[in-house]
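Accompanying notes for the structure given below.
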Amino acid sequence: MKIVQTKRSGLKKVVVASLAWGLLLTGCSESDNKSTATPSYKVETLTESAWLYSSLPENTIAYARVPNLWSGFSAKDDSFKYALGNEHHVAAMKQIQKGLYENIISQLEQPIKPLAEFYAKHTTGPLELAFVSQSGQPVIYAGTSLDYVDDTSFSQAIEALVQGLPNANIMPQDDKTKGIVSFGPGVAVYYSYDTDNQRLTIISGMGASVTSLENAAASIKTNDKHEMLKLEADIDASHQGLFAWASPKNAMPFLQMGMSPKQLKELKEFGIDQAKGLALGYGVSSGKTRLKLLLDMPKVGINRFFPEVSNTINVKSVGTPKWAAFMSLPTSEQAEHLVTSLQQVGADNIESWDTINQQAQKELGVSVTTLLDTFGPEVVFFKDQVGTFAAVAYNPNDIKALLSKAQENFDIEHQVYNKNDQEIHHLSVSFVEKSFDASKGAPILGAELAKNYRENYFWTIEGENIVFASIPQLLLERKKRTAEVEVAEWLSSKQGYDANSALLGLTASVDGLSRNSYHYYIEFLMILADITQADIDLMALPTADELGFPENGAVGLNLRSDKDVLGLEFTFENGGTDLLYGMGSTSSIAVIGILAAVAIPAYQEYVLRAEMSSGVYAAEGIKLQISQALVNGAKVEDLDNGYDTIQQAHEYENSIIEKIVVNDGVITLFFKNKA
């Protein structure tokens, strides 16, 4: 029997439904996190991909893409591909779309209605904007996809839109799919619609002629060599998400207008004139949803202070890791380059590289160059089925000499144990100097205890790595259970994480992330159905098991610094719905909403009562003065502001009271808060 969700309306029902589903799913949705086989659903999409991004002229200054209204409900190549792309979900979304058109947009008035209908109903792709330099003047390109299949329906829609715009007029054209919209002298917009591929092109520029706009439209051709495409694919390979890009190098002719020579010099010192692109976006790439900020520029200007990272992760874990963190130490050559660069820009208190090495040699018995050449650059922290470990690459030729030097300068004890054919190193370190006299200064007992305290480190050698643990039992169990899972393979295949260029980074595997996000997503669909009064077949939507979600989901962050790209990245398994996992579903939002709806008015009423009480308290003092005056024989008609001890009206003003008027013994309070 097919069960159809009936129409519901009203905030009360929305909240109750959300609470009910939230309570049910919070209790049962985590009972089984195992995935099934890849589903056999045919993937359908609700929206189209962008197209203008791949046809940008070389002299493009900036580009921006705003996702389609329905993009968040359309399938992309991530863990939600089958959840959003199966026929049942697509059918439910079309019902919600229908409800929006019939029950909400239809109620709007001019001039909002045609614009809302055009955007929500007939726009099928994201809105793209590009700013292009032509003959030294900026020209705006815009593009999107529409669902109009013939000339007449498109021209009628354009006429309806223009009628609602102030000072806008359509200049008649023979071709219904092309035209010019004039907004007054020197302001014109050229539009063109191709009914074959259903693409709309809009071009405008201040003072541009009709001929120049038409020529600009003709310049839109496929350009798969544009420098923006590298960053765009890195951030959003779906070509549907939010994306913005700007080329400081191409914008320099406009940036330097009006700049003083000093400002221009500073701009070039930062390397802005050599920056190929700065990009920010939220989209899908390599099977994960990503929020990224990327700067594409050579190692000049501000980028020269960041080392070129090229990690090689070759450590193994026992079973699948739970999480991993990364840090790339600079090489001695990179550290020297950084110190030199800081000195060149006049940074305060920066010694020369030779001086830094000499000081380290004196205080530590070893130079910074030796330390950096002995360890790293890759440092990996990870948790697996045994416990938490740290691994660092090392140079075996230098490690023994380094330990000998350390023992000469510090209170260090180094021992090597052999158990079960495994060699485990133990380093015990005291950070209190041997010459410390406990009888001076601090209390003797506390000082003696501090002197006896030692830090302990345990490690074993595995290939090119030293693997550290807090206690030796972890290392023994690691050897017994055999570490066989390549962390690098787990990062790339499961986490969608590129640690090769990670200056700092962290990624974690969260149990049942996709399936729980899917449950919360269904709750959100129910709310949308309520709001739009749509009939959706709730029971037809697949279960999480039927959709074959992975057992675990990835979340992470990465500070990236490679040869020519500096960036900050956040990774999600599915997207924004992952954040609800930590909040306890959308029902939590409903609960917060209910509390806010009750608490905020109650607090406001409390504040109002407090203000009223303050005013009444002030009036009580005046009442006492009036009573005393009457006892002393004063006439009522004489009891006004200024009589005897009664002050002038404005003299009662404070943060709450505007004035207190006394007229013939009648007291009137004027509050500053009109409520």
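Any value given below was found using the heavy atoms of this structure, including those in side chains, with hydrogens, waters and symmetry copies removed.
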Do the non-hydrogen side-chain atoms of [X] and [Y] ever get within less than 4.5 Å of each other?
X	Y	answer
Trp70	Leu100	yes
Asn68	Thr47	yes
Asn311	Val309	yes
Thr532	Asn103	no
Trp51	Arg199	yes
Ser55	Asn223	no
Met228	Ser247	no
Arg65	Tyr53	yes

Test item: side-chain donor near acceptor, [X] and [Y], under 3.5 Å:
X	Y	value
Glu128	Tyr63	yes
Asn169	Ser182	no
Tyr141	Ser219	yes
Gln198	Ser145	no
Gln495	Thr507	yes
His89	Tyr521	yes

| field | Lys292/Glu569 ion pair, N-O < 4.0 Å | value |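 Yes, charged N to carboxylate O under 4.0 Å.
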| request: For the pair Arg560 and Asp498, find out whether any cationic side-chain nitrogen is under 4.0 Å from an anionic carboxylate oxygen. | output: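 Salt bridge absent between Arg560 and Asp498.
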| Crowding at NZ, Lys299 (>12 non-hydrogen neighbours, <6.0 Å) |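 Correct, the count exceeds 12.
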| message | Tell me whether the count of non-hydrogen atoms from other residues, nucleotides or ligands lying under 6.0 Å of CZ in Phe118 goes above 12. | response |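 Atom CZ in Phe118 is packed in, count exceeds 12.
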| message | How long is the straight-line distance from CG of Asp564 back to NZ of Lys230, given to the nearest 0.5 Å? | response |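 The distance works out to 4.0 Å.
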| task | Enter the distance from Leu568:CG to Ser561:OG here, rounded to the nearest 0.5 Å. | result |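 Here the rounded value is 12.5 Å.
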Hey, does the side chain of [X] reach the backbone of [Y] with a donor-acceptor pair shorter than 3.5 angstrom?
X	Y	result
Thr123	Ala120	no
Ser285	Asp234	yes
Ser204	Ala188	yes
Asn500	Ser310	no
Gln240	Ser49	no
Lys276	Gln274	no
Thr144	Pro126	yes
Ser155	Asp151	yes

| Working for side-chain contact (heavy atoms from CB on, under 4.5 Å), residues Ile170 and Ile180 | CA-CA 6 Å; Ile170 298 179; Ile180 298 289; over 6 Å; no
| request: Would you sort out whether Glu87 and Lys42 count as a side-chain contact (heavy atoms from CB on, under 4.5 Å), showing the intermediate values? | output: CA-CA 7 Å; Glu87 59 181 330; Lys42 178 184 176 182; over 6 Å; no
| field | From CA spacing to verdict: ring-ring contact (aromatic ring centres under 6.0 Å, His included), Phe570, Tyr282 | value | CA-CA 9 Å; Phe570 296 88; Tyr282 177 78; over 10 Å; no
| message | In this structure, is the centre-to-centre distance between the rings of Tyr518 and Phe549 below 6.0 Å? | response |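 Yes, the ring of Phe549 comes within the 6.0 Å limit of the ring of Tyr518, centre to centre.
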| query | Do Tyr82 and Tyr41 have their ring centres less than 6.0 Å from each other? | reply |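 So the answer is no for these two rings.
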| task | For the pair Val181 and Tyr191, evaluate side-chain contact (heavy atoms from CB on, under 4.5 Å) and give the outcome as yes or no after the intermediate values. | result | CA-CA 8 Å; Val181 179; Tyr191 66 87; 3.8 Å; yes
| task | Test side-chain contact (heavy atoms from CB on, under 4.5 Å) on Ile202 and Val189 and set out the steps. | result | CA-CA 7 Å; Ile202 299 174; Val189 175; 3.2 Å; yes
| query | When Trp323 is tested against each of Leu506, Val555, Val510 for side chain to side chain contact (heavy atoms under 4.5 Å, CB included), which residue passes? | reply |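 Testing each of Leu506, Val555, Val510 against Trp323, the sole residue satisfying side chain to side chain contact (heavy atoms under 4.5 Å, CB included) is Leu506.
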| said: Run His226 and Glu232 through side chain to side chain donor-acceptor pair (under 3.5 Å) and show every step you take. | reply: CA-CA 10 Å; His226 198 280; Glu232 196 267 351; over 6 Å; no
| task | I would like to know whether Thr543 and Asp545 meet side chain to side chain donor-acceptor pair (under 3.5 Å); could you show each step before the answer? | result | CA-CA 5 Å; Thr543 65; Asp545 281 342; 5.4 Å; no
| note | The salt bridge (Lys or Arg N to Asp or Glu O under 4.0 Å) partner of Glu573 among Lys288, Lys494, Lys81 is Lys288
| task | Start with the C-alpha gap between Glu551 and Arg515, add the side-chain angles, then the distance that decides, and say whether salt bridge (Lys or Arg N to Asp or Glu O under 4.0 Å) holds. | result | CA-CA 8 Å; Glu551 289 186 47; Arg515 64 186 296 115; over 6 Å; no
